[in-house]
Student: 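The structure is given below, and queries will be raised subsequently.
Basis for what follows: all heavy atoms, side chains included, without hydrogens, waters or symmetry-related copies. Because the structure is a prediction, the values reported are computed rather than measured.
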Amino acid sequence: MPTAVLTDRERTAVQAYLRLLHTVRAAFDGPPDSARPPLVPPAVLAEAEQALARAGLAGNEEAFFGLLREWVPDR
């Protein structure tokens, strides 16, 4: 249960990060293929970067991960 009150932009940044995290996990959990490294779609990464920038959190990982810990404590 979220305890922090996030702005819309902060919530969007957290949600984009969680989508990126799930995408990366799925890529690494897929069938092993030594011929190619796991692929993360560039659009997923770009979405997370843009959301962080709009929330004013780009380059401020400490503040972002503090929000993430408060909103999604098991991450």
Side-chain angles (χ1 to χ4, degrees):
M1 185 83 175
T3 57
V5 177
L6 302 176
T7 67
D8 288 342
R9 289 182 177 184
E10 290 170 339
R11 186 177 310 103
T12 298
V14 169
Q15 291 169 336
Y17 170 79
L18 292 174
R19 277 190 291 280
L20 175 61
L21 180 64
H22 293 299
T23 301
V24 169
R25 283 183 178 163
F28 279 98
D29 287 344
D33 181 1
S34 60
R36 322 184 311 170
L39 178 66
V40 175
V44 176
L45 185 56
E47 175 195 20
E49 289 176 347
Q50 290 170 359
L52 285 171
R54 282 192 303 270
L57 296 166
N60 193 346
E61 291 81 8
E62 185 176 342
F64 172 71
F65 284 111
L67 287 173
L68 186 64
R69 276 190 302 276
E70 289 180 29
W71 203 61
V72 187
D74 63 337
R75 297 280 176 229

Student: Any idea which heavy atoms bring A51 and A16 closest together, and the distance?
Tutor: CB-CB, 3.9 Å
Student: Hey, what do you get for OG1 (T12) to CD (Q50), rounding to the nearest 0.5 Å?
Tutor: 12.0 Å
Student: Just to verify, what does A63 make a side-chain contact (heavy atoms from CB on, under 4.5 Å) with, not counting sequence neighbours?
Tutor: L57, N60
Student: For residues 40-63, which residue pairs qualify under ring-ring contact (aromatic ring centres under 6.0 Å, His included), counting only residues two or more places apart or in two chains?
Tutor: none
Student: Got a second to check how far F64's CZ is from R69's CZ, nearest 0.5 Å?
Tutor: 10.5 Å
Student: Which value, rounded to the nearest 0.5 Å, describes the distance between L52 atom CG and E10 atom CD?
Tutor: 11.0 Å
Student: I need the minimum non-hydrogen distance between L20 and V44, along with the two atoms involved.
Tutor: CA-CG1, 3.6 Å
Student: Name all pairs fulfilling the salt bridge (charged side-chain N to carboxylate O under 4.0 Å, His left out) condition that reach into residues 45-67, sequence neighbours left out, sorted by first residue then second.
Tutor: R19-E47
Student: Once side chain to side chain donor-acceptor pair (under 3.5 Å) is applied, do any residues pair with D29, and if so which ones, sequence neighbours excluded?
Tutor: none
Student: For R11, I'd like to know if atom CZ has over 12 heavy atoms of other residues, nucleotides or ligands within 6.0 Å.
Tutor: yes
